[in-house]
Amino acid sequence: MSMEARVGVVEGGQRALNSALNQQTKQSLNPQSQVGTLNQLLAGGIAGAFSKTCTAPLARLTILFQVQGMHSDVSALSKASIWREATRIVNEEGFRAFWRGNLVTIAHRLPYSSVSFYAYERYKKLLHSTFGEDLRGNATTDMCVHFLGGGMAGITAASATYPLDLVRTRLSAQKNVVYYRGIGHAFHTICREERFLGLYKGLGATLLGVGPSIAISFSVYEALRSFWQSERPNDSTVMVSLACGSLSGIASSTATFPLDLVRRRMQLEGAGGRARVYNTGILGTFRHIIRNEGLRGLYRGILPEYYKVVPSVGIVFMTYETLKMFLSRIHTSD
């Protein structure tokens, strides 16, 4: 399976991994070593879920910081810090609370990867037929197909699995008062109190981030990789992929983080019976945050997001390769 199929709306390290695995897979795999589409999709899904579990504490800290300004006194927000918030979680909620919402994150991972892969293959065929088969293999055409196909696949996968992402945010944002008792209860409660469309709050901000995310990640990765290989052509392909993938993930996260923050806050609108804060759409939400919290408010929670990029890339990369080799041996023995 080409790792291009996994391009889409993904977070921090996973976004970086898409670029890293894409290049590494192209250069290190031959037809005999491939283990089949289903097995590679399974390996990618398991690796992503394992990485999400390992970095779940940082992911929850990111969400908690992102939504702090909704119902908190703005003057108190300056006192927030990663260490203080982590200590509060341990003391008030218990150590296991760092993984609150992680189960739904894992449940989101495999269907997201599956939909993204299937949609990408379909869009790729459609785009090749649109551009004309005589242009297949042309570098410019292939880049356009990769970019447009990846973007449309990301939009499709994000839309199809979005309710799981919203429920994850609702569960992760809960502190001492537990309003949603689990995944099933959250779905039932949201549909009862906010109707079915309540499961899609903030979808617009998510879809707006697809194009910029892919464009920045792809262009930064390719530019860094080309520069690195021209200066140090003998360096390990894996090391180059991981380093460039991590940096492209950081660049993409930095550029699209304000949209991600707006998405999280819109996902929590009306949650638990609380009053709505933002009633004027995406632009109105941006204006409200800047007016009340300043420009820094749009980057609340960016540090834990940065901290999870490199370990996330490394964990997924190593887990994916290990599973792929394991599945390859099973396939060979059969």
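All of these numbers come straight from a predicted model, not from anything done at the bench.
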Of all the heavy-atom pairs spanning [X] and [Y], show the shortest one and how long it is.
X	Y	result
L127	V145	CD1-O, 3.8 Å
G48	V316	N-CG1, 4.2 Å
A86	L61	N-CD2, 4.1 Å
H185	Y180	ND1-CA, 3.6 Å
I82	P304	CD1-CD, 3.7 Å
A157	V115	CA-CG1, 3.6 Å

**Request:** Determine the interplanar angle of the Y299 and F257 rings, folded into 0 to 90°, and report it as parallel if under 30°, tilted if 30 to 60°, perpendicular if over 60°.
**Result:**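 Aromatic pair Y299/F257 classed parallel.
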Carboxylate-amine/guanidinium contact [X] [Y], below 4.0 Å:
X	Y	result
E269	R263	no
R296	E293	no
E93	R60	yes
D165	R170	no

For atom [atom1] of [X], decide whether the heavy atoms of other residues, nucleotides or ligands shown that lie under 6.0 angstrom number more than 12.
X	atom1	value
R195	CZ	no
R291	CZ	yes
F187	CZ	yes

[X] side chain to [Y] side chain, donor-acceptor N/O pair below 3.5 angstrom:
X	Y	answer
Q267	Y162	yes
S312	S51	yes
T254	Y306	yes

Would you say the side chain of [Y] lies within less than 4.5 Å of the side chain of [X], judging by non-hydrogen atoms?
X	Y	answer
R122	L126	no
R168	L164	no
L166	I190	yes

**Message:** Between Y120 and T156, is the side-chain hydrogen bond (donor to acceptor under 3.5 Å, both in side chains) condition met? List the steps.
**Reply:** CA-CA 9 Å; Y120 178 81; T156 303; over 6 Å; no
